[in-house]
Number of protein chains: 2
Amino acid sequence: MLHRLFCIWLCLVLPLTALRAQSDEDAFFIRKLYDLALSESQCYQWLEGLTQQVGPRLAGSPQSAAAIAYTRAILDTLGTDTSWLQPCRVSNWKRGRPEVVRIARSALGSQTLNALALGRSGSSPEEGLRAEVVEFQQLEELEAYGDALNGKIAFFNRPMDPLQLNTFNAYGSAADQRVYGPARAARHGAVAALVRSLTTRTDDRAHTGVTVFGEEDPVIPALGISTRDADLLSSLLKQGPVEVFVQTHCQTRPPTTSYNVIGEIRGQQYPEEVIVVGGHLDSWDVGQGAHDDGAGCVQSMAVLELLQKAGYKPKRTLRCVLFMDEENGVNGGKAYRDSTISKAWDHLAAIESDRGGFSPRGFTFDGQPEVVTAQAETLRSWLSLLQPYGLNFRKGGSGADVGQLKKLGPLLFGLEPDTQRYFDYHHTRYDRLEAVNPRELKLGAAAMASLVFLLDKYGLD
Amino acid sequence: MLHRLFCIWLCLVLPLTALRAQSDEDAFFIRKLYDLALSESQCYQWLEGLTQQVGPRLAGSPQSAAAIAYTRAILDTLGTDTSWLQPCRVSNWKRGRPEVVRIARSALGSQTLNALALGRSGSSPEEGLRAEVVEFQQLEELEAYGDALNGKIAFFNRPMDPLQLNTFNAYGSAADQRVYGPARAARHGAVAALVRSLTTRTDDRAHTGVTVFGEEDPVIPALGISTRDADLLSSLLKQGPVEVFVQTHCQTRPPTTSYNVIGEIRGQQYPEEVIVVGGHLDSWDVGQGAHDDGAGCVQSMAVLELLQKAGYKPKRTLRCVLFMDEENGVNGGKAYRDSTISKAWDHLAAIESDRGGFSPRGFTFDGQPEVVTAQAETLRSWLSLLQPYGLNFRKGGSGADVGQLKKLGPLLFGLEPDTQRYFDYHHTRYDRLEAVNPRELKLGAAAMASLVFLLDKYGLD
């Protein structure tokens with residue numbers, strides 16, 4: 001009887017003990033990754049190189065080529081078995097000489113506005129253009145206004161909703177104006193478009209970003225103007241007609257070939273199963289692309305660095321992918337997806353960091369509905385290891401690049417940092433190295449490395 | 001039978017329904033506080049006034065008097081029943097003309113260092129002093145070195161531990177050098193002391209802060225030097241003797257009278273029970289005291305503002321206390337404690353915000369052991385209302401000012417923002433308005449208002 005009781009006791013206790021031991025071992029390893037990130041990681045120095053030596057990296061630019069060489073050379077030092085450049089056709093838009101936007105006639109006289117031409121937008125006549133401004137809050141109002149817009153400048157002025165706690169939700173609800181507004185205005189005869197910058201702040205910073213024209217659409221000049229200037233313009237319009245002068249020198253040249261940069265550590269047990277970590281290597285041509293998305297690139301490289309420094313030999317293949325031309329069409333992400341299909345790569349999971357190098361608060365996760373449902377319990381079981389670092393999981397979009405893989409079945413993640421400051425810098429001249437705090441950057445890298453470790457060690461159900 | 005079953009059903013379901021309705025009502029009200037904070041709160045404008053119009057507010061300075069008048073006038077607009085100035089004796093230290101620290105002789109020649117005299121430190125001879133430098137990592141090493149320190153300059157160079165996730169823990173483990181190092185060195189005959197600035201960054205920013213001399217100690221010059229300069233000095237010391245020139249013009253004058261600023265809304269049901277929210281109004285004399293602690297002051301005032309805008313009539317008395325002279329002796333906090341004893345004020349709880357205006361992540365709580373044990377369950381029951389805003393409770397110190405009340409029994413809280421950036425700015429010339437993000441500041445105010453609402457509505461067990 002004693003023997004039998006002992007057996008029952010063993011059956012009950014041993015698995016718990018084993019589980020506890022395993023959990024302790026995992027906790028120690030994750031702590032090691034954090035210690036290495038905070039003490040030895042080179043990721044902030046890499047960001048210095050990417051932002052200050054290479055500079056802004058618009059797809060198709062000489063700097064984007066320099067960034068490719070710079071990051072590949074680093075990846076080759078991180079214990080990778082192989083690295084390669086994956087070709088992709090990328091947009092090839094150029095701002096040209098600085099844009100000029102000036103209130104030319106209004107109740108208060110003339111004034112120059114803080115403006116940045118939007119990606120893929122068109123050029124004004126060489127001497128500039130001048131036209132009356134019409135303000136819109138919703139894109140739908142364009143249809144009601146109709147062809148009365150002919151020869152005028154459309155001004156999209158719906159503010160980002162300050163009540164959204166997550167600023168990305170506010171961005172998502174306001175970005176239609178920038179992405180689709182100019183083309184829709186052009187279809188009604190508008191000669192140019194101005195868009196209120198996408199930030200909740202009231203300041204003088206102009207924010208750029210992509211705008212999309214269809215093949216049939218006239219490619220008109222389109223510019224982001226600062227929120228303070230948007231408020232000014234709107235208040236002047238309430239007092240009477242306003243004419244604005246616009247001069248841009250943008251050029252959209254034929255697509256060119258560029259590359260995603262890939263470094264890979266082959267798995268020792270399941271080499272055919274791939275876990276991707278990545279960010280996008282291109283940036284806008286103003287500022288330095290520090291938060292967007294130099295941070296995500298160096299954090300992704302740091303995942304390999306930290307696992308290497310910790311002496312970890314992955315079971316599965318770990319691949320760091322630095323995507324090209326996310327900003328002007330997600331062209332690197334699409335090329336990676338096409339290769340995934342043609343080469344039948346089997347992705348277990350993919351993690352993107354493209355929400356800035358701020359203090360990490362967790363991960364969003366996404367995927368096909370059945371994948372998300374099947375894996376929710378596994379993620380929950382990892383929470384006790386990640387919550388001590390302030391990390392949680394939340395259902396939500398992953399990232400524009402790895403999001404291209406969604407239909408192919410992997411579980412997708414997006415690093416989710418604190419969102420309050422991101423739109424202070426996003427797509428502006430102010431997205432520079434000094435806006436990134438080294439510890440916040442490194443904590444994000446450690447968070448990603450910890451998730452990669454768990455994904456690699458335990459796989460998914 | 002049916003009737004009896006129905007009764008049982010009612011007994012089971014009604015309390016749950018009532019609980020749910022109450023919880024929904026609380027959730028809506030907290031959401032309203034956040035909406036008001038993000039849309040209507042004036043707290044960032046008040047911080048503009050405090051940092052840019054008033055400027056730095058060293059206790060005893062004319063600016064500290066201006067800050068008292070400025071904030072009291074605001075409190076009088078926030079639905080307070082009364083406001084008053086509570087006298088307190090405060091330190092009266094003055095930096096005088098800018099300090100000079102220069103490497104005068106070393107293997108690499110001479111070089112000026114980034115330095116700031118520490119609060120309460122002494123003056124050098126008018127023409128400055130020059131002496132050999134001795135480096136220490138731990139205060140205990142001083143005793144072993146003994147009187148060989150006579151006529152020399154002690155240099156305390158233990159870095160803040162970068163591996164601590166919470167930077168305040170790292171600060172707490174390194175601050176003994178600044179607070180006690182200079183006095184202990186003086187007892188061994190040192191003529192001056194240099195202290196490595198308390199930050200994990202390697203940069204050129206000198207950090208000041210209080211240092212404490214006993215009545216018998218020689219009050220020598222003591223200065224914080226930037227971490228980069230501390231590294232340089234340390235590396236030069238490895239190559240041979242180093243002499244440093246130090247010139248300071250600090251004056252410690254007799255204590256003077258200043259004031260805590262207090263605004264109060266009397267409770268409608270339990271007016272004798274007081275809930276305090278506060279920060280400290282004084283700051284160092286460099287920078288603008290934006291994070292430390294202009295942020296905490298305007299957030300505390302915003303608690304009254306938000307509850308007023310939400311139309312909330314408190315059951316208990318809400319008191320906003322802006323404490324004077326936290327930096328150079330917690331003198332306002334001690335005066336408030338003395339009044340609490342002499343007037344037999346009954347504090348239910350007190351919340352301090354003095355860790356910067358960064359994204360809030362929760363509250364630390366503290367108090368007498370039996371109070372903390374008794375209230376832990378109540379706090380846990382509020383978590384479901386606060387976690388949607390990223391807030392948690394953690395056992396830990398509250399704040400230097402409200403901490404003075406600990407022995408008197410109230411439950412004490414400290415707003416806990418993300419800690420990663422705080423020591424980039426703390427006690428430096430860079431603690432300026434532009435380092436504070438308006439949304440992060442407002443979210444902290446909303447978090448404090450939400451906790452005050454729950455404390456006021458439900459009390460404590």
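Chain identifiers are assigned alphabetically (A, B, ...) following the order of the sequence lines, protein sequences preceding nucleic acid strands; residue numbering begins at 1 within each chain. Values below: every heavy atom of this structure, side chains too, minus hydrogens, waters and symmetry copies.
Separating the CD atom in B:E440 from the OG1 atom in A:T419 is a distance of 9.0 Å, to the nearest 0.5 Å. Between the CG atom of B:L165 and the CG atom of A:L38 there is a distance of 6.5 Å, given to the nearest 0.5 Å.
In terms of the salt bridge (Lys or Arg N to Asp or Glu O under 4.0 Å) criterion, residue partners of B:R158 (sequence neighbours excluded) are, by chain and number, B:D176.
Interface remark: A:D424 contributes side-chain atoms only to the contact with chain B (heavy atom separation under 4.5 Å). With a 4.5 angstrom heavy-atom cutoff, B:D418 touches chain A only via side-chain atoms. Only the side chain of A:Y44 comes within less than 4.5 Å of a heavy atom in chain B; its backbone stays farther off. Contacts of A:A446 with chain B are absent, with no heavy-atom separation under 4.5 Å from either backbone or side chain.
For the residue pair A:N437 and B:Q420, the shortest heavy atom distance occurs at ND2-O, 3.7 Å. B:G390 and A:R361 make their closest contact through O-NH2, 3.4 Å (heavy atoms, listed as atom of the first residue, atom of the second, distance). For the pair A:R31 and B:L163, the tightest heavy-atom approach, listed with the atom from each and the gap, is NH2-O, 2.6 Å.
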For this session: Tell me, with the steps shown, if A:S359 and B:R421 meet side-chain contact (heavy atoms from CB on, under 4.5 Å).
Result: CA-CA 9 Å; A:S359 266; B:R421 289 173 178 259; over 6 Å; no
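When atom types are taken as modelled, the side chain of A:R439 and the backbone of B:P162 share a donor-acceptor pair closer than 3.5 angstrom.
When each of B:D35, B:N392, B:L443 is scored by its heavy-atom pairs under 4.5 Å with chain A, the top score falls to B:D35.
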